Amino acid sequence: MSHFSQPPVVRYRGPMVDGHMHVRTAAETRLFAEMAAGYGVRTFLGNGDLGFIADCRRAFPGRFYGLVRLRYDLIGDGAAFGRCATDLIERAVAEEDVRGVKFWFKPAFNADTGLFWDDPRLDPVFDLMGRRRLVALVHIADPDAWWRHAYCDTARYGTKAATYRQLVNRLRRHPDVQVQAAHLGGDPEHLDHLDRLLDEHPNLWFDLSATKWMARELSRQADAARDFILRRADRLVWGSDLVVGRRPDMTFDDYATRYYVHRHLWEGRGPLPSPISDEDAEQEPVIVQGLDLTMDVLEQLYRLNAEHLYGICAAE
């Protein structure tokens, strides 16, 4: 039996929803689902192509809800892109009951495509999402450390602070669309910035996905992180960002180590060496500091907020 087949700490024992993960085929997703069930997670919100969503929805009835990804190959023709994108969303809602749309607008995507999240060519998509009450799950920024290597050419990638313009503009332009900004809005390093964004935009939520990033940056400022989460618990959704089939040889432990770290980070007390290699860490292993969150907050993060945001019910 794997050392990681059970959580390192179990204080919360209720139903759990993984509010941010990535699916492929049902066959590829089964190992993840087996692992998740052992950690008490029987419901997951997976983003992927519509075909993958359809496959997983049939394989995991009542447990899987999809967020569809768009294609951008027609973005040069704004009218054609708008028609194709809205047609896809309408079909995804009608056929597969999708609950949202996933957007990947990190700096590398912005630089490669010249497309930002506040581009008017995306307005028809958000108009439709508002009418259909769909959630926008968006990846905006990356770790501070990446601006010291991957994004050091700021003429091409801009600064980290500047990349938030596209998020703020979209939040203001479509206040009827609920937005889940992935990975603590891409800025767990700066909790004061996240506080300001939440104060200014009532349609904004953050998720707690990206295991290595959350463990590294929140452990570094554990007291401030705990205070932030306790104060903002009604606007936070837990998720893992696990990517099914990232490699063809994915093992049980490749999935389980992420959940293992999450359960200690939110429920545990004291230090735990992370079993996950982290290329952005100053030194390894990263020491994960348990934040010892209260039971009512754990229930909000693990279940209630996702149920409210997406209109779902967690499987027992």
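What you see is a predicted model, and the numbers here were worked out from it, not measured in a lab.
- Note on Arg196 versus Glu200: no salt bridge recorded, every NZ/NE/NH1/NH2 to OD/OE distance being 4.0 Å or above.
- Glu189 places no side-chain N or O within donor-acceptor distance of the main-chain N or O of Glu217, the cut-off being under 3.5 Å.
- Clustering ILVMFWY residues whenever any of their side-chain heavy atoms sit less than 4.5 angstrom apart, transitively, puts Tyr260 in the very cluster that holds Met35.
- Taking the charged nitrogens against the carboxylate oxygens, Arg57 and Asp55 have no contact shorter than 4.0 Å, which rules out a salt bridge.
- You'll find the ring centres of Phe60 and Phe32 outside the 6.0 Å limit.
- Classified by interplanar angle (parallel below 30°, tilted 30° to 60°, perpendicular above 60°), the ring pair Trp104/His139 is perpendicular.
- Side-chain rings of Phe116 and Phe105 stay apart, their centers remaining 6.0 Å or farther from each other.
- Remark: of the listed residues Val261, Leu291, Asp292, Val297, Leu291 is the sole one forming a side chain to side chain contact (heavy atoms under 4.5 Å, CB included) with Trp266.
- For the atom pair Asn203 CG and Arg170 CZ, the distance stands at 11.5 Å (nearest 0.5 Å).
- Side chain to side chain, Asp18 and Ser240 meet the donor-acceptor criterion of an N or O pair below 3.5 Å.
- Although no hydrogens or angles enter the test, the distance criterion places no donor-acceptor pair under 3.5 Å between the side chain of Glu96 and the main chain of Gly51.
- Asn305 places a side-chain N or O within donor-acceptor distance of the main-chain N or O of Ala233, the cut-off being under 3.5 Å.
- Taking the six-membered ring wherever Trp is involved, the centroid distance between the rings of Tyr65 and Tyr310 does not fall below 6.0 Å.
- A donor-acceptor distance shorter than 3.5 angstrom exists from the side chain of Arg11 to the backbone of Leu293, with no hydrogens or angles considered.
- Just one of Thr159, Asp144, Asp142 meets the side chain to side chain donor-acceptor pair (under 3.5 Å) condition when paired with Tyr151; it is Asp142.
- Remark: the backbone N or O of His20 is not paired with any side-chain donor or acceptor of Gln180 at under 3.5 angstrom.
- Val17 and Leu45 get closest at one heavy-atom pair: CG1-CD1, 4.0 Å.
- With a 6.0 Å cutoff to the six-membered ring centre and a 45° limit on the axis angle, Arg232 does not count as a cation-pi contact of Phe206.
- Between the side chains of Asp253 and Thr251, not a single donor N or O lies within less than 3.5 Å of an accepting N or O.
- Under the 3.5 Å distance criterion, the side-chain polar atoms of Asp207 are matched with a main-chain donor or acceptor of His183.
- Salt bridge status for Asp254 with Arg246: absent, with no side-chain N to carboxylate O gap under 4.0 Å.
- Judged by a 6.0 Å distance limit and a 45° cone about the ring axis, Arg121 is not positioned over the six-membered ring of Phe81.
- The pair Glu284-Arg216 fails the salt-bridge criterion, with no side-chain N (NZ, NE, NH1 or NH2) lying under 4.0 Å from an Asp/Glu carboxylate O.
- Residues Phe126 and Trp117 bring their aromatic ring centres within 6.0 Å.
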